[in-house]
Amino acid sequence: MPVYTVNVKWGREKFEGIECNTDESPLVFKATLFSLSGVQPDRQKIMIKGAVLKDDWGSISLTNNATLMMMGTADELPTAPVTKTMFVEDMTESQLAQALELPAGLTNLGNTCYLNATLQCLHSVPELRDSLKKFTGPVTMTGDAQADRLITNGIRDLFVVMERSSSAVPPVIMLNILHMCFPRFAEKNEHGGLQQQDANECWTELVRCLQRKLPAVGAGSQDGAAQFRGFIDQYFGGELDVTMKCLETDDEPESHNSESFYQLSCFIEKEVKYMHTGLKSGLEGEITKHSPTLGRDARYLKQSKIKRLPGYLSIQMVRFFYKGKEAINAKILKDIKFPLSLDIFDLCSKELQEKLIPAREKFKQWEDECVQKAQAESETGQKAKPVPEAVSVEREPFCFPDDVGSSSSGFYELRAVLTHKGRSSSSGHYVAWVRGKKKDDWLMFDDENVSAVTSDDILKLSGGGDWHCAYVLLYGPRILGVE
């Protein structure tokens with residue numbers, strides 16, 4: 001076997017005593033040189049006495065102690081990482097949130113989960129965040145400051161900090177403002193700590209303050225903003241057409257009037273298994289009031305139909321009732337199913353239904369096109385190419401042109417869920433569940449702990465046991481996108 005011991009000169013370096021077997025491919029010899037020099041075999045040019053080594057030894061004649069010349073540039077050695085590699089298992093909650101690009105949670109300052117959950121749900125509304133950013137004025141803790149302005153400024157400043165941070169934010173100033181404006185939220189328990197509070201009461205007070213301070217979108221223009229007092233009326237406020245009929249006399253004519261609402265109630269009765277049924281029950285029922293015809297209290301049938309739908313619809317599951325013996329707000333644990341997509345058309349007045357039809361037909365047309373595309377893909381076996389993220393998608397407005405913030409279709413998508421775990425509203429634990437950027441992506445805000453969940457996890461919040469039960473649901477507008 002012709003095995004030779006040769007020397008190889010490479011620039012200023014010289015490798016001596018290298019074994020070279022000419023019965024093997026030159027690639028084996030080049031691999032040996034690669035281990036010594038770091039020059040890839042395909043980048044090596046090896047010469048001896050003017051002859052260049054190619055894919056075979058050919059006419060190359062070697063002798064022991066022969067000197068070969070090699071030309072070629074070595075690859076740079078990999079450098080050590082600037083920062084030490086950290087595994088998910090070793091990360092803190094803050095580091096994990098930053099790595100996964102999770103939004104900031106809110107620190108529990110002692111039974112303040114009711115406030116944290118409420119704020120996270122409200123933070124999920126982009127139009128509200130934009131409106132708050134435009135609201136001017138510093139937070140002043142003086143005694144003569146208006147509660148509405150204090151609350152609005154406090155929420156605005158907290159949202160700004162939340163959007164700039166990837167770690168948990170302690171809402172100390174916001175909590176102090178809430179306690180100063182509404183002292184009942186500062187009540188202490190028998191151990192001297194803060195008493196747990198009802199999250200929906202907190203929700204109602206915060207929204208009421210925002211309603212009185214945030215100006216209407218488009219105020220001062222010639223569009224439909226002038227008819228509304230503020231932003232909350234536009235995007236969260238609805239109107240009911242209420243009919244009252246006395247059940248004890250036919251001599252009294254029906255009366256009609258309008259009522260505004262910022263939240264609908266789902267009443268949980270024995271026959272109610274679905275949220276939609278509970279909503280219908282809340283819009284129709286008997287009440288007792290004074291009859292001018294009879295001159296006494298009488299029974300009336302009260303029927304309500306929605307004549308104006310807001311873009312964002314808040315629904316309360318009426319799960320708590322007062323127990324006199326125990327003096328607590330006890331909880332109804334019954335399983336009430338709620339949908340991820342909500343259609344409110346049948347709860348609307350005939351006049352509003354007629355106005356909703358054009359937008360609903362556009363959705364139907366889009367759905368029919370999706371079905372046809374799916375059938376075509378099934379027949380051909382080819383899937384349509386997804387639209388690149390860089391391609392802009394035009395979003396059709398979800399409101400009527402002359403009614404900013406309204407819903408023009410009656411179609412909604414679930415945006416956030418505020419849940420309660422426990423047996424009474426003044427105890428237990430509140431958590432916010434907020435939809436992420438993609439349709440099936442959800443985030444669970446358990447105070448400072450933020451984690452990713454799915455739509456299946458959200459549907460499990462319907463109740464029926466000691467797990468988290470949906471208490472307040474926030475539905476946002478279903479958006480029709482056109483490429």
Task: Nearest non-hydrogen partners of Asn7 and Glu16, listed with the distance - done: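 Where Asn7 meets Glu16 most closely, the heavy atoms are OD1-CA, 3.2 Å.
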Open item on the list: If you compare all heavy atoms of Cys209 against all heavy atoms of Asp148, which two are closest, and at what distance to 0.1 Å?
Closed with: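 Between these two residues, the closest heavy atoms are SG-OD1, 3.5 Å.
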Task: Ring-ring centroid check Phe363 Phe411, cutoff 6.0 Å - done: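 Between Phe411 and Phe363, which both carry aromatic rings, the centre distance is below 6.0 Å.
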So, do [X] and [Y] sit near enough that their side-chain heavy atoms are less than 4.5 Å apart?
X      : Y      : value
Leu309 : Tyr412 : yes
Met180 : Leu150 : yes
Val6   : Asn65  : no
Glu396 : Ile479 : no
Leu461 : Trp467 : yes
Met317 : Ile336 : yes
Val169 : Thr107 : no
Leu418 : Leu474 : no

Can you see whether [X] engages [Y] through a side-chain donor-acceptor pair at a distance of less than 3.5 angstrom?
X      : Y      : result
Trp442 : Thr454 : no
Glu448 : Asn116 : no
Tyr262 : Asp233 : yes
His429 : Asp446 : yes

Open item on the list: Regarding Arg208 and Glu205, does a basic nitrogen lie under 4.0 Å from an acidic carboxylate oxygen?
Closed with: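 Glu205 and Arg208: salt-bridged.
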Listed by chain and number, what are the side-chain contact (heavy atoms from CB on, under 4.5 Å) partners of [X], not counting sequence neighbours?
X      : result
Glu13  : Trp10, Phe15
Leu62  : Tyr4, Cys20, Thr22, Ile48, Trp57, Ile60, Leu68
Val434 : Ser124, Ala416, Phe445
Tyr274 : Thr277, Lys337

Check the surroundings of atom [atom1] in [X]: do more than 12 heavy atoms from other residues, nucleotides or ligands lie under 6.0 Å from it?
X     : atom1 : result
Asp55 : CG    : no
Met71 : CE    : no
Glu19 : CD    : no

Open item on the list: Apply side-chain contact (heavy atoms from CB on, under 4.5 Å) to residues Val472 and Val417 and explain how you reach the verdict.
Closed with: CA-CA 6 Å; Val472 180; Val417 184; over 6 Å; no
Open item on the list: Is there a side chain to side chain donor-acceptor pair (under 3.5 Å) between Gln263 and Asn200? Walk through the geometry before answering.
Closed with: CA-CA 10 Å; Gln263 188 177 72; Asn200 190 57; 2.9 Å; yes
- [ ] Check the pair Leu206 / Met174 against side-chain contact (heavy atoms from CB on, under 4.5 Å), numbers first and verdict last.
- [x] CA-CA 11 Å; Leu206 295 186; Met174 185 64 221; 4.1 Å; yes
[X]: ring pair (Phe, Tyr, Trp, His ring centres under 6.0 Å) partners, not counting sequence neighbours:
X      : value
Phe398 : none
Phe231 : Tyr235
Phe185 : Tyr114

Return the set of residues passing side chain to side chain donor-acceptor pair (under 3.5 Å) with [X] (not counting sequence neighbours), or none when no residue passes.
X      : answer
Asp440 : Ser455
Gln44  : none
Trp203 : none
Thr112 : Asn108

Show me, pair by pair, the donor-acceptor contacts under 3.5 angstrom made by side chains of residues 128-135, not counting sequence neighbours?
from   : atom 1 : to     : atom 2 : distance (Å)
Arg129 : NH1    : His123 : O      : 2.5

Task: Trace of the side-chain contact (heavy atoms from CB on, under 4.5 Å) decision for Met444 with Val450 - done: CA-CA 6 Å; Met444 180 179 76; Val450 184; over 6 Å; no
Open item on the list: Using side-chain contact (heavy atoms from CB on, under 4.5 Å), reason through Gln197 and Cys202 one step at a time and then give a plain yes or no.
Closed with: CA-CA 8 Å; Gln197 301 292 334; Cys202 178; over 6 Å; no
